[in-house]
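What you see is a predicted model, and the numbers here were worked out from it, not measured in a lab. In the text below, chain A, chain B and the rest are named by the order of the sequence lines, each starting its count at 1.
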Amino acid sequence: MPSRPIPGRTFPAPRGPRPMRRSRYFLPTLKETPAEAQIVSHRLMLRAGLVRQHAAGIYNWLPMGYRVLDNIKRIVEQEQDRTGAIEILMPTIQSAEFWKESGRYEDYGREMLRITDRHEREMLYGPTNEEAVTDIVRQTVKSYKDLPLNLYHIQWKFRDEVRPRFGVMRGREFLMKDGYSFDLDEEAGRRAYHKMFVSYLKTFQRLGLKAIPMRAETGPIGGNLSHEFLILAETGESQVFCHRSLLEKSIPEDVDYDADLEPVVADWTGVYAATDEMHDAAKEAELGDDLITARGIEVGHIFFFNTKYSAPMKAEVVGPDGATGPLYMGSYGIGVSRLVGAIIEASHDEAGIIWPESVAPFRVGLINLKVGDAATDNAAGDLYRRLQAAGVTVLYDDRDERAGVKFADMDLIGLPWQVIVGPKGVAAGQVEVKNRRTGEREEMPLAGVVARFASSH
RNA sequence: CGGGGCGUAGCUCAGCCUGGUAGAGUGCCUGCUUUGGGAGCAGGAUGCCGGAGGUUCGAAUCCUCUCGCCCCGACCA
């Protein structure tokens, strides 16, 4: 009997090669800056064809932007998984019922987008998920043996900002990773907080950013222990003050998330760092020349808030002593869509975006300088196929445009490497490889290109 | 939510004050020339002048209302 696939045991095939020829791709770049954009990341995101505005603070993600978003998301997931956190997906539309239970339905104010369904039930588009996740856990987690637990998801949120601005950096709709830790007691809860603290350092490092943890106000989320992670950029929304040494501080290579991470946290929090609302002016004189005053963009925020939600919502477990008590919770956010803008703020030049390799939409931009010239077409087309076959993400600019147009466009979209194939070089068996960040150019044999990119990653 | 500004071609903007048949640059299409950093020449297409109402012989232009977007402040991941 011929074997047939067993239902339920088949797996989807990996996504095959997608069109990455510029001539057939969807990448609407702009030569001029749309009038609505003020800050550099917003301008570049529009010009480089990453996003288009749908309404105030709400954006369409075009292919290039979506790829970056996806890359950031994957790194966040990997670093979360590494700590033992577990990914779930909660809904965007929530029932008001849970928010009434926690007492936040009234508190949250007009930032919350409230919706009424056809049965006149009060719903809302979730701005965050403490209530939703607490409800899941209280239904299912009954014993200390199920702890510790850390659930996270990456989901679109909505906060009806009075005044959205700065493109995706402060939109109303935004993609956010939010994680929630559940522990038996305060001490275990603090351990969970420390894990997240360290994993955030790792995550932002992998994203090519230097994020500095700073003591923060706890805001409407509530709680008593909280840090914001900020990257320094001229266009940052808040004023920050910190000790110079934080910019040089190293991040542990291999982190054992089962170990006690308190010393790492202590090392990072032992020196002064504060946003303006937490700033102590007396520290300025004390730090002297070691004080750095700058603008910062918040890219992550972690809270430990004890039993703020578990107590009113009765999320309780039985401990080893047989006593029932509320869970100790923390919550941990990373602004995934905001990071796209934040990375650009931190990494660009006059010509355009400079993507860190880890998040770049394509690693290599291949430029055919003379479309229509048989030798050049062959050489570039061959490189395109071989790079793809070697697993290198490559965008091939095969448009019949002038060289200058393609150079300018490639610089604008900021792929880390440009491989430039022209008729003169091809005749000599050479191509040029340009590093977008440093501007360094290197002539190399055509035959060596694939190995160069396939090996170094 | 307070204050200010702007909606005219895909994009950047002029025209509005002082009403009289819709403009420029760029982009797009065609042809020729050009071809390693956003080329040149010639030709071409493109607009409910955000929407509704009003004034007027006639409204992009004046008046009223309305919708949208942007900026400063307060707020915020």
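- Among the protein residues, A:G404 comes within range of the sugar-phosphate backbone only, with heavy atoms under 4.0 Å from sugar or phosphate atoms but none that close to a base.
- The distance between the ring centers of A:F229 and A:F197 falls below 6.0 angstrom.
- The main-chain N or O of A:I354 is found under 3.5 Å from a side-chain atom of A:S347 such that the two form a donor-acceptor pair.
- When the P atom is used for both B:G50 and B:C13, the distance is 15 Å, rounded to whole Å.
- Atom CZ in A:F166 sits about 12 Å away from atom P in B:C70, given to the nearest Å.
- Heavy atoms of A:A35 sit under 4.0 angstrom from primed sugar atoms or phosphate atoms, though from no base atom.
- Between A:L44 atom CG and B:C11 atom C1' the separation is 16 Å, expressed in whole Å.
- For A:H153 and A:Y180, the gap between ring centers reaches or exceeds 6.0 Å.
- Residue A:E36 places its side chain closer to B:C69 than to any other of B:C75, B:A39, B:C69.
- In this structure, A:R104 atom CZ and B:C76 atom P are separated by 14 Å, rounded to whole Å.
- Side-chain atoms of A:E32 and base atoms of B:G25 include a donor and an acceptor less than 3.5 Å apart.
- No donor-acceptor contact under 3.5 Å links the side chain of A:R159 to the base of B:C76.
- The side chain of A:E111 approaches B:C76 more closely than any other nucleotide in the set B:C28, B:C76, B:G38.
- Across B:C70, B:C1, B:C75, the shortest atom-to-atom separation from the side chain of A:V162 is found for B:C1.
- The side chain of A:A403 has B:G36 as its nearest neighbour among B:G38, B:C70, B:G36.
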Task: Test ring pair (Phe, Tyr, Trp, His ring centres under 6.0 Å) applied to A:H279 and A:Y272, step by step - done: CA-CA 9 Å; A:H279 182 52; A:Y272 187 73; 5.8 Å; yes
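- Side-chain atoms of A:E432 come within donor-acceptor range of the base of B:G36, with a qualifying N/O pair under 3.5 Å.
- In this structure, A:Y108 places its OH atom 16 Å from P of B:C75, rounding to the nearest Å.
- The nearest whole Å value for the distance from the CZ atom in A:R47 to the C1' atom in B:U26 is 13 Å.
- In this structure, A:D178 reaches neither bases nor backbone, as no heavy-atom distance under 4.0 Å exists between it and the strands shown.
- In terms of polar N and O atoms assigned as donor or acceptor, the side chain of A:R163 never comes within less than 3.5 Å of the base of B:G4 in a complementary pairing.
- If you take CD of A:Q53 and C1' of B:C71, they are 14 Å apart, rounded to a whole angstrom.
- The side chain of A:E401 sits closest to B:C28 out of B:C11, B:C28, B:C76.
- Electrostatic pairing of A:E237 and A:R170 does not count as a salt bridge here, judged by no charged N lying under 4.0 Å from a carboxylate O.
- Closest to the A:Q38 side chain, of the nucleotides B:U26, B:C71, B:C1, is B:C71.
- Set against B:C1, B:C11, B:A39, the side chain of A:P34 has B:C11 as its closest nucleotide.
- Side-chain N/O atoms of A:R165 and base N/O atoms of B:C72 include no donor-acceptor pair closer than 3.5 Å.
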